[in-house]
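Single-structure report; data block below.
Throughout, protein chains are lettered first and strands after them, A, B, ... in sequence-line order, and every chain is numbered starting at 1. None of these values were measured; they are calculated from a predicted model.
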Amino acid sequence: DAKTTQPNSMESNEEEPVHLPCNHSTISGTDYIHWYRQLPSQGPEYVIHGLTSNVNNRMASLAIAEDRKSSTLILHRATLRDAAVYYCIPYFGNEKLTFGTGTRLTIIP
Amino acid sequence: DSGVTQTPKHLITATGQRVTLRCSPRSGDLSVYWYQQSLDQGLQFLIQYYNGEERAKGNILERFSAQQFPDLHSELNLSSLELGDSALYFCASSVGQGGNQPQHFGDGTRLSIL
């Protein structure tokens, strides 16, 4: 499994953009980069994924470095509901997800 | 709503007992995964089934077993329960093909052993 490194915690003000970094320098060429988040008392929730190019969906954007050794999850306008633990996970598909410790994001009203 | 249904939401039982956790995957998903989340271990993969067949095993104890039925729902059986088995148990499902298919998680079953 590729090793990932994320900050333990981050804080952001409500309604401001948030950039959550992740290093995955040992990622294999076939792994996608998936991001999940876990809100308090809920199961993990899929956020976004990508392979090489940047991706956008209704929840977030994903910026992937050209060498694929790092990525950044971007929440364009944080709300209180975005307070969660965020996990980046290199993932090929139809196999287990290996969760690290993730980044605990706190949103300040 | 992820489309994955887990029952029961809460389970309280005693040491030495046996329980069954149930998971209904999203419609069309062939793969089912079970994960355990405890305070000291984080989210740990237990076992995966794909279209009724066991596909992968993780850190699953011998006291635990699972199966996936023809209608694709899955059950996780935990026996000879110990205090340390208290945890959140999550089920996830995915289509089962391709690297770009995410897993979708249920809300979990909280198991408390007294």
Side-chain angles (χ1 to χ4, degrees), chain A residues 1-6 8-9 24 27-60 62 64 68 71 73 81 84-104, chain B residues 1-7 9-10 21 23-26 29-51 53-60 66 87-110:
Chain A
D1 294 339
K3 181 173 169 57
T4 60
T5 303
Q6 297 179 254
N8 287 332
S9 62
H24 32 76
I27 191 170
S28 77
T30 54
D31 279 348
Y32 286 75
I33 299 154
H34 281 235
W35 282 79
Y36 290 78
R37 70 181 184 181
Q38 188 173 21
L39 280 64
S41 302
Q42 294 188 24
E45 175 186 31
Y46 164 75
V47 178
I48 198 168
H49 73 273
L51 185 61
T52 56
S53 55
N54 296 344
V55 185
N56 300 294
N57 66 20
R58 64 175 179 83
M59 291 180 70
L62 177 60
I64 301 171
R68 293 194 359 108
S71 61
L73 179 70
R81 195 194 174 278
V85 179
Y86 287 78
Y87 301 93
C88 80
I89 305 173
Y91 181 60
F92 181 67
N94 201 26
E95 62 181 27
K96 66 178 182 178
L97 287 167
T98 300
F99 289 86
T101 53
T103 297
R104 182 172 300 278
Chain B
D1 181 9
S2 68
V4 177
T5 304
Q6 289 189 248
T7 56
K9 292 191 185 306
H10 303 277
L21 313 183
C23 169
S24 294
R26 289 193 328 159
D29 284 358
L30 299 178
S31 271
V32 169
Y33 312 78
W34 287 96
Y35 295 85
Q36 179 193 56
Q37 185 172 34
S38 57
L39 282 174
D40 57 344
Q41 293 290 326
L43 271 157
Q44 299 279 322
F45 167 73
L46 294 178
I47 197 165
Q48 177 197 359
Y49 279 81
Y50 175 74
N51 203 20
E53 300 289 326
E54 182 184 302
R55 181 182 170 92
K57 260 186 174 179
N59 299 322
I60 187 166
L88 274 165
Y89 291 84
F90 291 106
C91 167
S93 72
S94 72
V95 169
Q97 297 173 3
N100 60 348
Q101 299 301 321
Q103 293 183 21
H104 299 273
F105 286 76
D107 288 334
T109 293
R110 181 176 296 277

Problem set entry | Contact origin within B:Q44 toward chain A - heavy atom pairs under 4.5 Å |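 Looking at B:Q44, nothing touches chain A.
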
Problem set entry | Heavy-atom proximity to chain A below 4.5 Å, by part of B:Q48 |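 Only the side chain of B:Q48 comes within 4.5 Å of chain A.
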
For this session: Count the heavy-atom pairs under 4.5 Å between each of B:Q6, B:Q37, B:R55 and chain A, then report the option with the highest count.
Result: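 Most pairs with chain A among the choices: B:R55.
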
Exercise. Does one side chain, of A:Y46 or B:S2, offer a donor that lies under 3.5 Å from an acceptor on the other?
Worked result: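 A:Y46 vs B:S2: no donor-acceptor pair found between side chains.
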
For this session: Look at the rings of A:Y36 and A:H34 and say which category their plane angle falls in: under 30° parallel, 30 to 60° tilted, over 60° perpendicular.
Result: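 Judged by the thresholds at 30° and 60°, the geometry between A:Y36 and A:H34 is parallel.
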
Exercise. Side-chain contact, heavy-atom cut-off 4.5 Å: A:H49 with A:Y91?
Worked result: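 They are not in side-chain contact.
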
Problem set entry | Selection from A:G102, A:G50, A:P44, A:G43 maximising heavy-atom pairs under 4.5 Å formed with chain B |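 Result: the option with the highest number of such pairs is A:P44.
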
For this session: Search all heavy atoms of B:S93 against all heavy atoms of B:P25 and return the closest pair with its distance.
Result: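 Between these two residues, the closest heavy atoms are CB-CB, 3.5 Å.
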
